[in-house]
Amino acid sequence: MAMEGSNIIISSSSSSSSSEDFAVGCLLSIKTTLGEEFNGQVMTFDRPSNILVLQEGSKHGPKRNIRFLKANYIKEFSFLGQAEDPLDIKKCYIDLHSLQAREELALRQAEADAERIGVGVTAEAQSIFDALSKTLPVRWDKTVIVVMNEVRVGSPYLAECVSGGTPAANDRVKKVLELERKRLQARGASR
């Protein structure tokens with residue numbers, strides 16, 4: 001089937017969307033093979049990778065949703081019309097301060113996440129650390145778990161390996177350790 005309308009050129013010789021060309025600026029209503037339905041404006045179509053870049057909805061202004069969609073996932077679409085070039089440099093606005101703030105936040109979060117992963121410890125030790133971190137502030141000091149900056153739990157991470165801190169803090173950490181060990185044993189027995 002071959003069909004031409006405005007600036008959209010469809011030359012579907014097969015049922016796949018991979019042989020279609022989407023013109024910049026076209027407004028489309030799209031249904032994906034995953035059941036999603038949305039409207040978008042074509043920003044670009046990359047034939048080698050078969051990726052369609054769409055600006056979702058009709059939002060104009062400083063914030064836009066951009067979707068990268070593999071054309072193979074388009075179940076059906078309808079042409080809604082033609083609009084101005086979405087990449088018109090005179091109308092594009094990039095808030096660099098906002099982008100830099102998001103980048104900083106993402107980097108801080110990635111660093112915090114990395115600090116929560118023990119280096120040179122077993123999966124069991126990491127599970128114990130994760131369980132302790134749900135209710136108490138914890139960090140790694142090489143292979144030792146430091147809880148509340150005062151209680152230390154060394155390998156093999158048993159209640160007998162708890163040292164430092166107040167007796168109440170020790171008891172709390174020992175209790176969480178024992179419960180986590182029971183949970184790990186129950187989970188291991190069920191496999």
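Using a 4.0 Å cut-off between charged side-chain N and carboxylate O, Glu36 and Arg67 make a salt bridge. Ion pairing between a basic and an acidic side chain is recognised when a charged N comes within 4.0 Å of a carboxylate O; Glu178 and Lys174 show no such pairing. A salt bridge links Arg181 and Glu124; the closest N-O separation between the charged side-chain nitrogens and carboxylate oxygens is under 4.0 Å.
Interatomic distance, Phe129 CZ to Ile117 CD1, rounded to the nearest 0.5 Å: 9.5 Å. One finds the CD1 atom of Ile128 at 12.0 Å from the CG atom of Leu179 (value rounded to the nearest 0.5 Å). For the atom pair Gln100 CD and Leu107 CG, the distance stands at 11.5 Å (nearest 0.5 Å). Atom CD in Glu160 sits 9.5 Å away from atom CG in Leu177 (nearest 0.5 Å). How far CZ of Phe22 is from CG of Leu54: 8.5 Å, rounded to the nearest 0.5 Å. To the nearest 0.5 angstrom, Leu96 atom CG is 11.0 Å from Glu103 atom CD.
Side-chain contact between Gln82 and Cys26 is present, with heavy atoms from C-beta onward closer than 4.5 Å. Within the 4.5 Å cutoff, no side-chain heavy atoms of Phe77 are placed close to those of Thr32. Contact of the Glu56 side chain with the Asn39 side chain is not registered, since no non-hydrogen atoms from C-beta on lie closer than 4.5 Å. Proximity of Pro156 to Cys161: side-chain heavy atoms (C-beta onward) are separated by under 4.5 Å at one or more points. Contact of the Leu52 side chain with the Phe68 side chain is not registered, since no non-hydrogen atoms from C-beta on lie closer than 4.5 Å. Taking 4.5 Å as the limit, some side-chain heavy atom of Leu28 sits within range of a side-chain heavy atom of Val42.
Tyr157 is linked by a ring pair (Phe, Tyr, Trp, His ring centres under 6.0 Å) to nothing, counting only residues two or more places apart in sequence or in another chain. For Ser127, the side chain to side chain contact (heavy atoms under 4.5 Å, CB included) partners are Glu180, Leu184, Arg187, not counting sequence neighbours.
Within 6.0 Å of the CZ atom in Arg102, the count of heavy atoms belonging to other residues, nucleotides or ligands does not exceed 12. The environment of Lys175 atom NZ is sparse: at most 12 non-hydrogen atoms of other residues, nucleotides or ligands sit within 6.0 angstrom.
Val173 and Val146 sit in two unconnected hydrophobic clusters of ILVMFWY residues. Membership requires side-chain heavy atoms under 4.5 Å apart, directly or through other members. Under the 4.5 Å side-chain heavy-atom criterion for Ile, Leu, Val, Met, Phe, Trp and Tyr, Val121 and Val153 are members of the same hydrophobic cluster. Cluster annotation: Tyr73 is connected to Ile30 through the hydrophobic network of ILVMFWY side chains, with a link wherever side-chain heavy atoms come within less than 4.5 Å.
For the residue pair Val151 and Ala169, the shortest heavy atom distance occurs at CG2-CB, 3.7 Å.
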Worksheet item: Would Phe38 and Leu69 count as a side-chain contact (heavy atoms from CB on, under 4.5 Å) if you check the C-alpha gap in whole Å, the side-chain angles of each, and the deciding distance to 0.1 Å?
Response: CA-CA 12 Å; Phe38 64 94; Leu69 180 66; 4.1 Å; yes

Show me the donor-acceptor pairs within less than 3.5 Å that the side chains of residues 132-143 make with the rest of the protein, sequence neighbours left out.
from, atom 1, to, atom 2, distance (Å)
Ser133, OG, Arg116, NH2, 2.6
Ser133, OG, Asp130, O, 2.7
Arg139, NE, Asn149, OD1, 3.0
Trp140, NE1, Arg116, O, 3.3
Asp141, OD2, Arg152, NH1, 3.2
Asp141, OD2, Arg152, NH2, 3.1

